[in-house]
Amino acid sequence: MPSTPLRVAVVCSSNQNRSMEAHNILSKRSFNVRSFGTGTHVKLPGPAPDKPNVYDFKTTYEQMYNDLLKKDKELYTQNGILHMLDRNKRIKPRPERFQNCKDPFDLVITCEERVYDQVVEDLNSREQETCQPVHVINVDIQDNHEEATLGAFLICELCQCIQHTDDMENEIDELLQEFEDKSGRTFLHTICFY
């Protein structure tokens, strides 16, 4: 078992729902975790599918919450967005972009294939300095509240199993195969280097 806790990043598109639910659950289990988005802007559902609420990554969860409260308290209470933002602001002040973070991680877990591709592209475009490996794993999670919760528990279980391996580098492929068989999901996995 590693002597130091895994450094984990969980990444979705806007750092709102899937990555924050996993961040919440992993932090309650004492993991060294951070969460990120990869999008150019933060998008939250609006009054219609073609009218999302778009924010800059510098906007705090509190500011988003207050903005949506003013726009339509009933709609954003009913669809769970205010509840989600309330949870988010108790975890950290604002969403963060993965591409702007230069801190190293042992494990980066993405929540959809497009985000996985963006993370791998970003990591591969960086100048290698330490040659420290980082495992990037994709767990496809639909972007809704229920799937985010189920996905967060799956991510947590995966992190716990990886944390308890004696040799992550040699055991991770077998571990991911077991998780694929057990969950009925397919995981993408690659190794990048810092």
Side-chain donor-acceptor contact under 3.5 Å, [X] with [Y]:
X: Gln118; Y: Thr38; answer: yes
X: Thr60; Y: Gln63; answer: yes
X: Tyr65; Y: Asn88; answer: no

Phe36 vs Val10, side chain to side chain contact (heavy atoms under 4.5 Å, CB included): CA-CA, chis, key distance, verdict: CA-CA 6 Å; Phe36 301 92; Val10 188; over 6 Å; no

Audit row: Ile109, Cys159, side chain to side chain contact (heavy atoms under 4.5 Å, CB included) steps and yes/no: CA-CA 9 Å; Ile109 299 178; Cys159 289; 3.6 Å; yes

Asn138 and its side chain to side chain contact (heavy atoms under 4.5 Å, CB included) partner, picked from Val115, Thr190, Leu188: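 It is Leu188; the other options fail the test.
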
Taking all heavy atoms of [X] and all of [Y], pick out the closest pair and write down the distance.
X: Cys101; Y: Arg126; value: O-NH2, 3.0 Å
X: Val11; Y: Phe98; value: CG2-CD1, 4.0 Å
X: Tyr76; Y: Pro47; value: OH-CD, 3.5 Å
X: Met64; Y: Val42; value: CE-CG1, 4.1 Å

Geometric class of the His135/His189 ring pair [parallel <30°, tilted 30-60°, perpendicular >60°]: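 His189 vs His135 ring planes: parallel.
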
Inspect the contact between [Y] and [X] and indicate whether a charged nitrogen and a carboxylate oxygen are less than 4.0 angstrom apart.
X: Lys92; Y: Glu62; value: no
X: Lys70; Y: Asp67; value: no
X: Arg87; Y: Glu21; value: yes
X: Asp143; Y: Arg18; value: yes

Transitive ILVMFWY side-chain link Met168 to Ile191, under 4.5 Å: no

Same apolar cluster: Phe179 and Leu107, side chain cutoff 4.5 Å: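 In one cluster: yes.
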
Close side-chain approach of Asp72 to Glu74, heavy-atom, < 4.5 Å: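 Side-chain contact under 4.5 Å: yes.
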
Is there a donor-acceptor pair under 3.5 Å between the side chain of [X] and the backbone N or O of [Y]?
X: Thr149; Y: His145; answer: yes
X: Tyr194; Y: Phe105; answer: yes
X: Gln163; Y: Leu6; answer: yes

Val120/Cys192 under side chain to side chain contact (heavy atoms under 4.5 Å, CB included): CA gap, chis, key distance, verdict: CA-CA 7 Å; Val120 170; Cys192 297; 4.2 Å; yes

Side chain to side chain contact (heavy atoms under 4.5 Å, CB included) between Arg185 and Glu180, intermediate numbers included: CA-CA 5 Å; Arg185 297 176 188 238; Glu180 284 187 357; over 6 Å; no

Positive for salt bridge (Lys or Arg N to Asp or Glu O under 4.0 Å) with Glu96, one of Lys58, Arg34, Lys102: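 The salt bridge (Lys or Arg N to Asp or Glu O under 4.0 Å) with Glu96 is passed solely by Arg34 among Lys58, Arg34, Lys102.
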
Spatial distance of atom CG (Asp86) from atom CD1 (Ile81) [nearest 0.5 Å]: 13.0 Å

